[in-house]
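Input: a single structure, listed below in structure tokens.
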Amino acid sequence: MLVFNTNTDLIGYLKSNSTTLTSIGFVPTMGALHQGHLSLMQKSLSENEITVVSIFVNPTQFNNPEDLAKYPRTLEDDIHKITILDPNIIVFAPTIDNIYNGNTKSDLFDFDDLENQMEGKFRPGHFNGVGTIVKRLFEIVNPTVAYFGEKDFQQLQIIKKLVAKYNLKVTIKGCPILREPNNLAMSSRNALLSFQEKQEAAILYKTLITTKVKFEKESALEITKWVQKSFEKNPNFKLDYFQIADEKTLVPCTRKSKAKKYRAFIAVYVNNIRLIDTIPLN
Ligand code: PAF
């Protein structure tokens with residue numbers, strides 16, 4: 001399997017094959033790969049001539065240094081998983097210096113207010129970091145299609161906005177959330193949970209699925225109060241936010257409109273490990 005550690009090597013390789021290449025599928029990741037990532041790679045393999053996977057823990061999208069320090073890093077194991085899936089996948093695993101060239105800072109973006117909701121509010125600067133790395137990776141890989149999981153639904157909307165604003169020639173595809181047997185959304189951070197915490201974290205999806213039922217009759221405000229109250233009673237979890245929002249603008253729902261699509265979003269700390277999940281409501 002080909003593993004490139006510098007952008008010049010990867011660009012050189014892709015350029016030398018560019019006359020015959022019809023499509024490049026791209027799966028950006030921060031490693032600690034799970035079945036959700038592998039499903040994105042499978043989709044890319046089925047739709048493109050070649051697939052590139054990046055593995056890079058991007059420091060500029062972490063607002064909390066502790067979160068960055070403890071983020072799981074399992075490069076060897078990740079490469080092994082990719083080889084088993086398909087040894088033709090090309091891996092790009094650059095160093096921080098290779099990407100940021102001695103200046104590990106985010107560029108500033110305006111994503112038409114999408115960046116100021118939820119994750120943006122609770123993780124200041126997060127989406128400038130995401131925008132910076134994704135734009136740089138797109139410049140290096142020059143993909144035809146890029147694949148992102150819907151668990152990070154706000155990120156997905158922001159990347160679509162990035163592509164539209166900068167007129168980037170890449171199609172963005174959102175792919176469904178994969179879940180553990182107890183319905184916990186698959187996430188690299190799950191590797192940091194104990195067995196018991198993982199079992200208990202099923203509460204995120206239970207909350208979302210109950211929200212979906214309640215949303216048929218109750219207002220977004222009533223449901224939000226119910227969620228906040230139920231988490232107050234549960235000392236093992238700290239609710240960061242729960243929000244029912246318009247899927248397109250991500251603005252909180254104050255009055256339901258039949259013309260709009262809504263989603264519920266939740267972010268919860270379990271023993272300092274931050275988990276997020278989302279569900280479409282109508
Ligand atoms: O979703 C992720 O894993 C990251 O935010 C991404 C898109 C790879 C950028 O670092």
Side-chain angles (χ1 to χ4, degrees), residues 4 7 10 25-41 43-44 51-64 67-75 77-79 81-82 89-96 98-100 104-107 109 111 114-115 117-120 122-141 143 145-163 166 168 170-178 185-192 265 267 273-278:
F4 294 98
N7 50 17
L10 178 64
F26 179 43
V27 182
T29 81
M30 296 205 298
L33 301 179
H34 51 70
Q35 204 52 44
H37 293 118
L38 299 180
S39 74
L40 303 182
M41 293 175 209
K43 188 152 174 64
S44 172
T51 290
V52 178
V53 173
S54 63
I55 299 176
F56 179 68
V57 181
N58 174 37
T60 63
Q61 71 188 71
F62 287 80
N63 58 312
N64 176 349
D67 189 23
L68 171 62
K70 72 177 179 215
Y71 199 85
R73 290 162 173 87
T74 55
L75 185 60
D77 193 38
D78 292 343
I79 290 177
K81 283 182 184 159
I82 298 174
I89 291 176
I90 296 162
V91 173
F92 179 46
T95 59
I96 293 177
N98 186 246
I99 291 290
Y100 285 100
T104 314
K105 287 209 175 99
S106 298
D107 302 326
F109 293 91
F111 294 119
L114 291 174
E115 74 277 26
Q117 304 294 336
M118 300 180 287
E119 292 297 289
F122 285 81
R123 301 180 69 190
H126 171 64
F127 287 117
N128 282 326
V130 170
T132 303
I133 186 62
V134 171
K135 191 161 174 283
R136 285 186 196 184
L137 290 170
F138 283 173
E139 281 156 9
I140 295 164
V141 178
V145 190
Y147 300 84
F148 294 86
E150 280 180 355
K151 180 172 72 69
D152 298 288
F153 191 84
Q154 186 175 11
Q155 168 175 278
L156 176 64
Q157 299 296 68
I158 278 180
I159 289 166
K160 285 182 182 164
K161 183 68 80 181
L162 173 86
V163 166
Y166 288 86
L168 306 177
V170 51
T171 302
I172 302 301
K173 287 201 179 172
C175 302
I177 300 173
L178 259 65
M186 286 191 183
S187 161
S188 301
R189 285 190 166 88
N190 294 355
L192 302 170
F265 298 85
I273 298 147
R274 195 170 183 278
L275 304 174
I276 62 170
D277 203 348
T278 176

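Counting starts at 1 for both ligands and their atoms, following the listed order. None of the values given here were measured: they were computed from a predicted structure.
- Counting heavy atoms closer than 4.0 Å to ligand 1, residue Thr29 contributes backbone atoms (N, CA, C, O) but none from C-beta onward.
- Atoms of ligand 1 found under 4.0 Å from any heavy atom of Ile133 (numbered from 1 in listed order, with element): 9 (C), 10 (O).
- Looking at Tyr100 and Asn58, their side chains do bring a donor and an acceptor atom within 3.5 Å of each other.
- Counting only heavy atoms from C-beta outward, the side chains of Asp107 and Lys135 never approach each other to under 4.5 Å.
- Compare Gln155, His126, Arg136 by their heavy atoms: the one nearest to atom 7 (C) of ligand 1 is in Gln155.
- The only member of Val163, Ile159, Val141 that meets side-chain contact (heavy atoms from CB on, under 4.5 Å) when paired with Val170 is Val163.
- Per-residue contacts place Pro28 under 4.0 angstrom from the following atoms of ligand 1 (heavy atoms of the residue considered): 8 (C).
- When ring centroids are compared, Phe127 and Phe111 stay outside the 6.0 Å threshold.
- Looking only at heavy atoms of the protein, atom 3 (O) of ligand 1 is closest to Met30 CG, 3.7 Å.
- Looking at Ser188, its side chain does come within 3.5 Å of a backbone N or O of Gly31 through a donor-acceptor pair.
- In this structure, the protein non-hydrogen atom closest to atom 9 (C) of ligand 1 is Gln61 OE1, 3.4 Å.
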